[in-house]
Amino acid sequence: MTFYHGSGTGNLTQLLPFLSEHGKPYIYFASNPLVALLYAVKPVPKPFSFYPYGFDENVILVFNEYYENAFFDIYKGQKGYLYECYDLPNIENATQINCAYTCTKPVKPDYVSEICDLYEYYKKQEADGQFRIKSKQEISENEMNFVFSELKKDIDKYNLKANPEHAMSLFIQAHFPDVWQI
């Protein structure tokens, strides 16, 4: 089986575990290359995460734009690297996330592809029916309220109001100003 790892760094001869959002040192892999490449860009710093994707009823990857033109904003002009690794030992689905796998040992990639503009790459995948961007207008009020609630929890948990210049604080202020004002 092929496992994919997306990165913003090229020319890696070895993938190394790093402290994850889940608190353990992992290398993240996906069985779906489009999912892996979403992680080639980090819109917010750790321990935060902003990868609002899911799958539709046809198991097509869907990126949810929780603010206007989010996908363009995050991925346009961004270079990414898709590392392929074959038949990995010691790989598991520790996070219970669909198609996501983790490894705790260094891994030598078998192949790497450079994607010069991730936005353009995904737009081609969208035209081919392999990917979809769900615009903010398509997202239900209930789903947006859930997103706002999760952002508010992060503001409170990490005391972001006391540090308005933190990268996550700036991200929320720029894209979710109503949540920041609560």
Side-chain angles (χ1 to χ4, degrees), residues 5-9 18-28 30 32 34-81 94-100 102 115-127 130-182:
H5 176 80
S7 177
T9 304
F18 59 91
L19 189 60
S20 72
E21 288 86 356
H22 298 94
K24 295 184 180 181
Y26 289 133
I27 306 168
Y28 280 96
N32 180 324
L34 296 178
V35 170
L37 272 175
L38 287 176
Y39 290 90
V41 175
K42 293 188 178 14
V44 296
K46 289 182 185 215
F48 305 98
S49 180
F50 188 78
Y51 299 104
Y53 68 86
F55 296 90
D56 69 11
E57 62 279 354
N58 298 313
V59 197
I60 301 295
L61 179 64
V62 178
F63 183 94
N64 299 297
E65 288 194 311
Y66 292 138
Y67 64 89
E68 290 291 330
N69 298 312
F71 195 80
F72 179 90
D73 179 54
I74 294 169
Y75 291 96
K76 181 64 179 162
Q78 297 293 320
K79 186 181 288 190
Y81 298 88
T95 63
Q96 305 305 308
I97 297 170
N98 182 25
C99 82
T102 60
I115 304 355
C116 291
D117 186 317
L118 287 165
Y119 177 81
E120 296 299 329
Y121 176 83
Y122 276 102
K123 290 304 281 183
K124 179 171 181 343
Q125 301 305 311
E126 187 174 39
Q130 302 301 308
F131 175 74
R132 188 165 83 81
I133 298 170
K134 185 175 170 184
S135 72
K136 185 172 187 244
Q137 293 76 20
E138 296 176 77
I139 296 172
S140 73
E141 185 176 342
N142 283 345
E143 186 174 351
M144 284 307 299
N145 286 338
F146 175 77
V147 171
F148 294 161
S149 172
E150 292 300 302
L151 289 169
K152 181 66 177 132
K153 285 178 191 174
D154 280 346
I155 291 169
D156 295 341
K157 178 179 179 181
Y158 296 100
N159 198 20
L160 292 175
K161 292 269 182 138
N163 191 359
E165 298 303 313
H166 184 278
M168 185 61 175
S169 299
L170 294 172
F171 180 81
I172 294 171
Q173 290 173 65
H175 302 297
F176 304 97
D178 291 344
V179 173
W180 186 257
Q181 298 303 322
I182 296 175

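Given the structure is predicted, the values throughout are model-derived calculations rather than measurements. Atoms considered below: every heavy atom in the structure, side chains included; atoms not considered: hydrogens, waters and symmetry mates.
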Side-chain donor/acceptor pairs under 3.5 Å, residues 175-182, sequence neighbours excluded:
none

Could you check whether any side-chain N or O of Tyr67 sits under 3.5 Å from a backbone N or O of Ala174, counting only pairs where one atom can act as donor and the other as acceptor? no
Name all pairs fulfilling the ring-ring contact (aromatic ring centres under 6.0 Å, His included) condition that reach into residues 144-169, sequence neighbours left out, sorted by first residue then second. Phe48-Tyr158, Phe48-His166
Could you list the residues that satisfy side-chain hydrogen bond (donor to acceptor under 3.5 Å, both in side chains) with Gln137, not counting sequence neighbours? Glu68, Ser135
Got a sec, which residues hit side-chain hydrogen bond (donor to acceptor under 3.5 Å, both in side chains) with Asp117, two or more places apart in sequence or on another chain? Lys76
If we ignore hydrogens and angles and just use 3.5 Å, is the side chain of His5 paired with the main-chain N or O of Tyr28 as donor and acceptor? yes
Steps toward side-chain contact (heavy atoms from CB on, under 4.5 Å) verdict (Leu151, Met168): CA-CA 10 Å; Leu151 289 169; Met168 185 61 175; 4.0 Å; yes
I'd like to know if the side chain of Glu126 and the backbone of Ile133 have a donor-acceptor N/O pair within less than 3.5 Å. yes
For Ala40 versus Gly80, what's the shortest heavy-atom pair and its separation? CB-CA, 4.0 Å
Minimum heavy-atom separation for Ile155 to Lys161, with atom names? CG2-CG, 3.8 Å
Residues passing the side-chain contact (heavy atoms from CB on, under 4.5 Å) test with Lys153, sequence neighbours excluded, are Ser149, Glu150
Rounded to the nearest 0.5 Å, what's the gap from NZ on Lys124 to CD1 on Ile115? Could you check? 12.0 Å
Mind checking what makes side-chain hydrogen bond (donor to acceptor under 3.5 Å, both in side chains) contact with Gln130, not counting sequence neighbours? none
Return the minimal non-hydrogen interatomic distance between Tyr51 and Leu38, and the atom names on each side. CE2-O, 3.3 Å
Atom CG of Asn145 and atom CD1 of Ile139: how far apart are they, to the nearest 0.5 Å? 12.0 Å
Identify, with sequence neighbours excluded, every residue that meets side-chain contact (heavy atoms from CB on, under 4.5 Å) alongside Ser140. Asn142, Glu143
List in chain and number order the residues that pass side-chain contact (heavy atoms from CB on, under 4.5 Å) with Gln78, two or more places apart in sequence or in another chain; answer none if no residue qualifies. Val41, Leu118
Should the ring pair Phe63 and Tyr75 be called parallel, tilted or perpendicular, given that the plane angle runs from 0 to 90° and is split at 30 and 60? perpendicular
Phe131 vs Phe71 aromatic rings, parallel, tilted or perpendicular, using cut-offs 30° and 60°? tilted
Test item: Asn32 side-chain N/O and Leu34 main-chain N/O as donor-acceptor pair under 3.5 Å: yes
Lys79: partners by side-chain contact (heavy atoms from CB on, under 4.5 Å), with sequence neighbours left out: Tyr81, Glu114
Ignoring hydrogens, what is the shortest heavy-atom contact between Pro164 and Ser169? Give both atom names and the distance. O-CB, 3.4 Å
Please report the interatomic distance CZ(Arg132) to CD1(Ile60), rounded to the nearest 0.5 Å. 10.0 Å
Test ring-ring contact (aromatic ring centres under 6.0 Å, His included) applied to Phe55 - qualifying residues, sequence neighbours left out: none
Counting distance only, does the side-chain N/O of Asn69 pair as donor-acceptor with the main-chain N or O of Asp73 below 3.5 Å? no
Could you tell me which non-hydrogen atom of Asn64 sits nearest to which non-hydrogen atom of Gly54, and how far apart they are? ND2-N, 4.3 Å
Residues in side-chain hydrogen bond (donor to acceptor under 3.5 Å, both in side chains) with Asp156, at least two apart? Lys152
